[in-house]
Amino acid sequence: MPELPEVETTVRGIKSIESSVIEKIDIFNPNLRWPVPNDLPNFLSGKKILSVHRRAKYIIIKCSNAYLVIHLGMTGKLVFAKPSDTLKKHDHIQITFINNEQVIRYNDPRRFGSVHLVKDNLDDFKLLADLGIEPLVFEFDGNYLFTKARKRNVAIKTFIMNHHIVVGVGNIYASEALFLSGIRPSVSACKVTRRKMEILAKNIKHVLSVAIEKGGSTISDFMNTKGEQGYFQIGHQVYNREDQPCNKCGAKIKKTIIGQRSSFFCSTCQR
DNA sequence: AACAAGACCTGTAAGC
DNA sequence: TGCTTACAGGTCTTGT
């Protein structure tokens, strides 16, 4: 499921659990990317949820005694259900609340996602500690990208997908932002001009913001139909459009592999 | 320090 | 129809 907009949509979708009290947590299968700690249910049962936030693609649920941190990996989803609903294949975790007839279920076919219990300072949590800047904040701009790209020879697409640089830019929106910016994804990061970096930063913000807006429009669907209305509803300019005509110039969109990830671009519009 | 490649796992679609 | 293969939204870890 997740590019950043889907994670943000998920966070907004489960905001309603703020101030709820956890009754119990059932772990049906702890074998996610990392084993789910087996003291998690005991530790959090009876505890109040203080807030739900996002950092990068991590969902951070602040409880009265610890943080519950969730990453959706490639195929993870959080969905509301009734306790009486039959479990679906790959439902791995269920959170039940006091005085709430809806439970939350974590479903993840590929199990690349993870669920963590952070008892100490969140900033010291290893997976969050070394993350780069959020793309939607003011401080993320062309100058930031240009400065960070000095002496970086990796492809610009790989560069903007590196979350030590900037978080939350996944494979789809990397291709899309580069298309809008007229930058070929294979170009070395250090060769992209300052002016182009300004355009790129703007377009990264743009594609993510628009996707979040669209995702937001499907929040009710997310609650009722168990998710899934994500970015495949949104028209892409290049992603997954190999051999189809470029919407700007009509040339055939090309596909190539960069950093082991498929990448799409228009060889006319992107130099 | 920077980079490339490998690893994790299941479902789906395409190819034979 | 069935088997085999390639590929999929992520990112940590290992090796050069």
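Chain naming here is simple, since letters A, B, ... match the order of the sequence lines and numbering starts at 1 in each. Any value given below was found using the heavy atoms of this structure, including those in side chains, with hydrogens, waters and symmetry copies removed.
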Specify whether A:Tyr173 and A:His236 have parallel, tilted or perpendicular ring planes, treating 30° as the upper limit for parallel and 60° as the lower limit for perpendicular.
perpendicular
Could you give the distance separating C:dC7 and B:dA5 at their P atoms, to the nearest angstrom?
16 Å
Could you tell me how far apart A:Leu127 (CG) and C:dT13 (C1') are, to the nearest whole angstrom?
12 Å
Provide, to the nearest angstrom, the distance between the CG atom belonging to A:Asn240 and the P atom belonging to B:dA14.
11 Å
Taking A:Lys254 for the side chain and A:Asp243 for the main chain, is one N or O donor matched with an acceptor at less than 3.5 Å?
no
Between A:Phe179 and A:Lys248, is there a cation-pi geometry (under 6.0 Å to ring centre, at most 45° from the normal)?
yes
Does atom NZ (A:Lys191) have a neighbourhood of more than 12 heavy atoms from anything else shown, all under 6.0 Å?
no
What is the separation between atom NZ on A:Lys151 and atom P on B:dA1, rounded to the nearest whole Å?
13 Å
Let's see if you can work this out: which of C:dA8, B:dG11, B:dA4 has an atom nearest to the side-chain heavy atoms of A:Val154?
B:dA4
Nearest listed nucleotide, side chain of A:Ser262, among C:dG10, C:dT13, C:dA8
C:dA8
Side chain of A:His163: nearest nucleotide among C:dC12, B:dG11, C:dG10?
C:dC12
Scan A:Phe159 against the nucleic acid and name what it touches under 4.0 Å (heavy atoms): base, sugar-phosphate only, or nothing.
nothing
note: A:Asp108, atom CG; B:dC9, atom C1'; distance rounded to Å ~ 9 Å
Just to be sure I understand the rule, does A:Thr158 reach a base, reach only the sugar-phosphate, or reach nothing, if contact means heavy atoms closer than 4.0 Å?
nothing
Nucleotide of B:dT10, C:dA8, C:dT13 approaching A:Lys126 most closely (side-chain heavy atoms):
C:dT13
To the nearest angstrom, how far is A:His90 atom NE2 from B:dC8 atom P?
18 Å
Could you check whether A:Arg152 gets within reach of a base, just the sugar-phosphate, or nothing at all, counting any heavy atom under 4.0 Å?
sugar-phosphate
Remember a base hit wins even if backbone is also touched, and classify A:Asn153 as base, sugar-phosphate or nothing at under 4.0 Å, heavy atoms.
sugar-phosphate
A:His71 and A:Tyr58 aromatic ring geometry - parallel, tilted or perpendicular at 30°/60° bounds
perpendicular
Interatomic distance, A:His116 NE2 vs C:dT11 C1' [rounded to whole Å]:
11 Å
Is the ring of A:Phe112 stacked on the base of B:dC9, with centres less than 5.5 Å apart and planes under 30° off?
no
Both A:Arg110 and A:Gln260 contact DNA chain B. Which one's nearest nucleotide lies toward the 5' end?
A:Gln260
Could you give the CZ-to-P distance, from A:Arg261 to B:dA7, as a whole number of Å?
17 Å
Whole-Å distance between C:dG10 P and A:Glu3 CD?
5 Å
Indicate, with a heavy-atom threshold strictly under 4.0 Å, whether A:Arg33 touches base, sugar-phosphate, or nothing.
base
